[in-house]
Number of protein chains: 2
Amino acid sequence: MLDRTLIRDLALFARLDDAALDDVLSEAGSQRYAAGDVVFEQGEIAERFFVLLHGRLRVTQMTSEGQQIVIRMVAPGDLFGIARVMQRPDYPGTATAVLESVALAWPMSAWSTVVDGHPAFAVNAMQIMGERLQEAQLRIREFSTEAVERRVGHAVLRLARQSGYPEDDGVRIDFPISKQDIAEMTGTTLHTVSRILTAWEAAGLVSTGRQKLLVRNPHHLLLIADGVEAALAK
Amino acid sequence: MLDRTLIRDLALFARLDDAALDDVLSEAGSQRYAAGDVVFEQGEIAERFFVLLHGRLRVTQMTSEGQQIVIRMVAPGDLFGIARVMQRPDYPGTATAVLESVALAWPMSAWSTVVDGHPAFAVNAMQIMGERLQEAQLRIREFSTEAVERRVGHAVLRLARQSGYPEDDGVRIDFPISKQDIAEMTGTTLHTVSRILTAWEAAGLVSTGRQKLLVRNPHHLLLIADGVEAALAK
DNA sequence: CGGATTGTTGAGGATACTCAAGTTAGGTGG
DNA sequence: CCACCTAACTTGAGTATCCTCAACAATCCG
């Protein structure tokens, strides 16, 4: 049996008492994934849903023409693989560990059991869906109204917020991330990302390396992402 | 007191019995809006949530730089204005009637009452949020991977599916929609939309007029939207 | 050390934007 | 009912952004 302290502090399980937590955990199993391992694949029948405890995942989608896009990065505490809640039999994307990761997994059937048995859980889950929906709408707005450089700026800042830890001279993105990844988050090409980051590097805003990214001046970067920079140039 | 037959067939109220429907309706009021009326405005404190019974609404968002985008069109049966569920005190967008419309309105406080009192409602609401989230992710994928013409194609087809009624020689979009509206749905300019639609008109795919749109050949349009056309040209 | 993955940089070109000048449709008021 | 006014739309010209194609360099891993 898993220990309830594993999940006690997660938003999804807020306001559940110890008995409820134990009840929920009784149906869960824990899984370990090495960096590079695939948790589930796009199109696969969605038999389980997950909560990430440790590590970091990348959720991608492949279009029919073979173009890949990054849907989101999953951080510890996040719920993922909830295809069934969205009325889908299969996973709409592929989840890959980018760091050594640990996740709790429940059979999809447990979803209704848990929702029915614990009203607070349903409320929490709805809140999380609401946050996701807001986030998605924000990205749509970025795509609709911002040129590439600003979108890349917002993506980098989002990464720093979600997965950054402070270092001597900036905020380090704490998992390996390639220019290709950033391109797939922002709807551009790795070439354009490379050029933009090179320019930012020259301006002292970031430091980049092979799958490495350090944000040195988040404040200035925010000005670029919000279009202040471009407005001043006029 | 409103009649329960108004809402009995809506997805949001599926699997609620008559007593429950009456209970839910007891807190609701019905509102009428003329074409052009604003139901709620971006930034306003979200005091109510709504279900559209008749008509059609356009939900828009204004960016800090004054650019407007169309978030979605609301069709009869749709839930809208649920900011609170997303943990927001205010409405993130503005809802405007584009046709004479009728909506049911509940005080936001009724949300928790209804969710708590009727577990089936919570499940339905979650499903709806899931569908929205999927829809949003689809749009993100379109923005990431498709050029303007394909995005406009998908937007027009979506409109035809959601708000089209069959006419002699095609599917008519049943509310006034401008090129500017389509531009704001697809992240382009009205100029580009105008050029694209003119080209499609010449090819017999659509007929356009001032705030009018008739899809004459959805099948061919789908080929364009899915990129088959462009692929063949190579 | 060799191969593979990741990243850099340049040149050229297409797409779609901006700017600009008009036209058309529809509603309003005299 | 007609003249006018405005909002919606069309079309052209010029151009910026960003993509594609291409070649090469750096880094990592086994």
Side-chain angles (χ1 to χ4, degrees), chain A residues 34-36 58 65-70 96 98 142-153 155-156 173 175-184 186-202 206-214 224 227 229-231 233-234, chain B residues 34-36 58 65-70 96 98 142-153 155 173 175-202 206-214 224 227 229-231 233-234:
Chain A
R58 184 184 50 220
E65 285 125 35
Q67 260 206 81
Q68 185 170 273
I69 67 166
V70 174
T96 311
V98 295
E142 288 176 7
F143 274 112
S144 305
T145 63
E146 299 176 0
V148 171
E149 187 177 19
R150 293 183 55 187
R151 296 206 303 271
V152 173
V156 167
I173 308 305
F175 61 87
I177 181 156
S178 67
K179 319 267 138 129
Q180 179 72 40
D181 290 331
I182 296 176
E184 288 172 5
T186 52
T188 181
T189 62
L190 82 158
H191 309 278
T192 298
V193 171
S194 176
R195 284 182 238 267
I196 290 171
L197 292 186
T198 303
W200 287 352
E201 181 136 30
V206 299
S207 290
T208 71
R210 189 193 172 88
Q211 304 208 60
K212 288 192 202 336
L213 181 54
L214 177 77
I224 291 176
E229 200 81 345
K234 283 186 183 170
Chain B
R58 185 185 47 221
E65 285 124 36
Q67 261 207 79
Q68 186 170 271
I69 67 166
V70 174
T96 312
V98 295
E142 288 176 7
F143 274 111
S144 305
T145 63
E146 299 175 2
V148 171
E149 186 177 21
R150 293 184 54 187
R151 297 207 301 270
V152 173
I173 308 304
F175 60 88
I177 180 154
S178 68
K179 319 266 138 128
Q180 179 73 42
D181 290 331
I182 297 177
E184 288 172 5
M185 290 178 202
T186 53
T188 181
T189 62
L190 81 159
H191 309 277
T192 298
V193 171
S194 175
R195 285 184 237 266
I196 289 172
L197 291 185
T198 304
W200 288 352
E201 181 136 29
V206 298
S207 288
T208 70
R210 191 191 170 88
Q211 305 208 61
K212 287 191 203 335
L213 182 54
L214 177 76
I224 291 176
E229 200 83 344
K234 283 186 184 168

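Computed from a predicted structure; not experimentally measured. Hydrogens, waters and symmetry mates play no part in the numbers below; they use all other heavy atoms, side chains included. In what follows, chains carry the letters A, B, and so on, assigned in the order in which the sequence lines appear, proteins first and then strands, with residues in each chain numbered from 1.
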Q. Hey, are the side chains of B/Val98 and B/Asp181 touching, using non-hydrogen atoms and a 4.5 Å cut-off?
A.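 Side chain of B/Val98 against side chain of B/Asp181, heavy atoms only: no contact under 4.5 Å found.
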
Q: Flag the pair B/Met185 / B/Ile177 as yes when at least one side-chain heavy-atom distance between them is below 4.5 Å, and no otherwise.
A: yes

Q) Which pair of non-hydrogen atoms, one from A/Leu190 and one from A/Ala183, has the smallest distance, and what is that distance? A)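 So the two residues come closest at N-CB, 3.6 Å.
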
Q: Taking A/Arg151 for its side chain and A/Glu146 for its backbone only, find out whether a donor-acceptor pair lies under 3.5 Å.
A: yes

Q) Are the side chain of B/Thr198 and the backbone N or O of B/Ser194 linked by a donor-acceptor pair below 3.5 Å? A)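 Yes, the answer is positive, given that a donor and an acceptor are paired below the 3.5 Å cut-off.
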
Specify the separation, in whole Å, of atom [atom1] of [X] and atom [atom2] of [N].
X: B/Trp200; N: D/dT10; atom1: CH2; atom2: C1'; answer: 17 Å
X: A/Phe143; N: C/dA16; atom1: CZ; atom2: P; answer: 15 Å
X: B/Leu213; N: D/dC9; atom1: CG; atom2: C1'; answer: 14 Å

Q: Please round to the nearest 0.5 Å and tell me the distance separating atom CD of B/Glu149 and atom CG of B/Leu197.
A: 9.5 Å

Q. Are OP1 or OP2 of D/dC18 and a side-chain N or O of A/Thr188 less than 4.0 angstrom apart?
A. no

Q.
How would you summarise protein contacts on nucleotides 5-11 of chain C per nucleotide, using B for base, S for sugar-phosphate only and - for none, with heavy-atom distances below 4.0 Å?
A. BBSSBBB

